[in-house]
Amino acid sequence: MSVTTDQPSESFRLSQLIYDTRYRSYTIQIFAMIVLMLSFAWLIDNAIQNLARLGKDFSFAFLFDTASYDINQRLIDYDSTDTHGRAALVGILNTLLVALLGCITATIIGVIAGVLRLSNNWLVARLMSIYVEAFRNVPVLVWILIVVAVINESLPAPNAFRGEDGLSGWLFGSVFLTNRGFYIPAPVFGAGSMIVVVVFFLSLAGIWFFGRWARARQAATGQILPTFRIKLAIFFLPSLLIFFIMGMPIQLEYPELRGFNFQGGIFMRDSLIGLWLALSIYTGAFIAENVRAGILSVSKGQTEAAFALGLRPNRTMNLVILPQALRVIVPPLISQYLNLTKNSSLAIAVGYMDATGTLGGITLNQTGREMETLMLLMLFYLVVSLGISAVMNIYNERMKLQER
């Protein structure tokens, strides 16, 4: 007969917080959090004391004061009698506009350049290599200044389009490219235009659902549908049908030369065009290298197997190589989108009024609220960067290879 006795449990000692591996990590994390919070508290207290010595307080009331300055490029109504808060909103929208246009254009340029850099045509591959190396190794600010200078020096002035012997616009005289900027037609929405817009977006949704169904059908049966022509029909037929049934409620306002400048339409200033193109071409060079690396990461046997099955080179690239390369392309692509968005803060160099030029520039100088304006500016870029990262990470999760 054996007798078992329970060992008395060891009492907790403070030394275990350091020497016991069960508690050490928690101790270090709590200590680091306390130090971090104390550091932030000291910085805030020190800043408030310094502001008090200068006779300032910490307040965001300046956002409701009159701005008293104009903004040359804007997406919403604004004049100099509006508040600093609305001026900051105009600058934020200008930043988002450049970032959106730049990311789309840079992606298109990068994918094309990355694929062509692997072309079997020696001349095409070398030209793409020169493009990538030239733009990657020169600061983006230099390219912004060069592109804007080219627009200002190479394009004609608005008065060159005057008279019968003057220059004619592009696309049947509806688009005018001048050294002041680009003038394009503007849509004018009338009664019933909302229905046309709704049908337009429904057509886009239909294209997306049809694409998913066609891919699933192809994966199940191997049959390839003429998706491009069907998508064109889905896009145009319903929209045009409703457009004519509703009596063409959406018209175009064309720019016209009146006096010394064009009036009407949409005006895209030279600073916006130059910044957009420079950021797109510069970032596209980096994306091209990401695309090239992603394609090269796919085993060459995949290409040979596709050719052995009779797939043409373009379908091999679209159906075999790029889907597998995306898992390598997307993660660094996120960083390039973030870089493009943050590089847009160089817009003030060419006179484009973005968030840095309004909130972090003129508003800061007029109000003297350097801490408040810079904190708001940092918060804006932080929110935008985290938003881009979140969206692209969701897409990256969907593009991962699914193991069976």
Side-chain angles (χ1 to χ4, degrees), residues 73-77 93-94 96-112 168-177 181-221 223-256 262-269 272-273 276-277 280 284 314-315 317-319 322-323 326 337 387-388 391-392 394-395 398-399:
Q73 183 79 50
R74 49 189 178 269
L75 295 177
I76 59 176
D77 293 333
L93 292 177
N94 286 345
L96 295 177
L97 174 64
V98 170
L100 177 63
L101 294 176
C103 288
I104 295 174
T105 310
T107 302
I108 296 173
I109 294 174
V111 171
I112 294 175
S168 59
W170 293 46
L171 297 178
F172 307 103
S174 62
V175 177
F176 300 90
L177 311 182
F182 295 176
Y183 299 85
I184 61 177
V188 178
F189 298 94
S193 58
M194 185 57 64
I195 299 177
V196 178
V197 173
V198 171
V199 173
F200 171 78
F201 283 104
L202 290 177
S203 299
L204 294 179
I207 290 173
W208 183 75
F209 282 111
F210 172 74
R212 290 194 60 181
W213 175 82
R215 287 191 295 270
R217 183 175 183 273
Q218 179 180 339
T221 65
Q223 297 179 356
I224 301 176
L225 294 175
T227 56
F228 180 74
R229 286 176 289 178
I230 297 177
K231 287 180 179 179
L232 285 179
I234 295 175
F235 179 77
F236 283 106
L237 291 181
S239 300
L240 291 177
L241 181 62
I242 297 298
F243 178 76
F244 287 110
I245 290 177
M246 298 301 297
M248 297 186 292
I250 302 177
Q251 301 293 328
L252 292 178
E253 180 188 30
Y254 296 97
E256 296 180 0
F262 285 93
Q263 303 294 330
I266 297 176
F267 177 41
M268 303 174 66
R269 294 185 66 87
L272 169 60
I273 299 298
W276 169 24
L277 293 180
S280 300
N314 59 340
R315 287 202 173 273
M317 179 63 68
N318 295 330
L319 301 177
L322 282 181
L326 282 175
Y337 286 168
I388 294 174
V391 173
M392 292 302 297
I394 293 173
Y395 179 74
R398 294 185 58 187
M399 290 297 104

Study note, to complete from the structure: Rounded to the nearest 0.5 Å, the CG atom of L237 sits from the CD1 atom of I242 at a distance of 11.5 Å
Practice item. For residues A191 and P249, report the shortest heavy-atom separation together with the two atoms involved. Key: O-CB, 3.1 Å
Point to revise | Validation row: W276, L97 side chains within 4.5 angstrom (heavy atoms) | key: no
Point to revise | P187 and I266, any side-chain heavy atoms less than 4.5 Å apart | key: yes
Practice item. Can you measure from CD1 (I207) to CG (L232) and round to the nearest 0.5 angstrom? Key: 7.5 Å
Practice item. Considering non-hydrogen atoms only, spot the tightest contact between G102 and S280 and give its length. Key: CA-OG, 3.5 Å
Review point. Between CZ of R217 and OG1 of T227, what distance do you get to the nearest 0.5 Å?
Key: 11.5 Å
Point to revise | Heavy atoms from other residues, nucleotides or ligands near CG of L240 exceed 12 (cutoff 6.0 Å) | key: yes
Review point. Heavy atoms, side chains only, cut-off 4.5 Å: are M248 and F243 in contact?
Key: yes
Exercise for review: Look up atom CE in M194 and atom CD1 in I250, then write down how far apart they are to the nearest 0.5 Å.
Suggested key: 9.0 Å
Exercise for review: Measure the spacing between CD1 of I230 and CZ of F210 and express it to the nearest 0.5 Å.
Suggested key: 3.5 Å
Review point. Hey, does L204 have a side-chain heavy atom less than 4.5 Å from the side chain of W208?
Key: no
Point to revise | Heavy-atom closest contact (M317 atom, P323 atom, distance) | key: O-CD, 4.1 Å
Practice item. May I ask you to test the S174-Y183 pair for a side-chain heavy-atom distance under 4.5 Å? Key: no
Exercise for review: Please report the C-alpha distance between L326 and Y395 in whole Å, then the side-chain angles of each, then the deciding distance to 0.1 Å, and finally whether the side chain to side chain contact (heavy atoms under 4.5 Å, CB included) criterion is met.
Suggested key: CA-CA 10 Å; L326 282 175; Y395 179 74; 3.9 Å; yes
**Study point:** Q73 (side chain) donor-acceptor with R269 (main chain) under 3.5 angstrom
**Key:** yes
Check your understanding: In Å, rounded to the nearest 0.5 Å, how long is the span from CG of L101 to CE of M268?
Key -> 6.0 Å
Point to revise | Minimal non-hydrogen separation, C103 against T107, with atom names | key: O-OG1, 2.6 Å
Check your understanding: Can you check whether F267 and F182 have ring centres sitting under 6.0 Å from each other?
Key -> no
Review point. Are any of the side-chain heavy atoms of V175 and P185 separated by less than 4.5 Å?
Key: yes
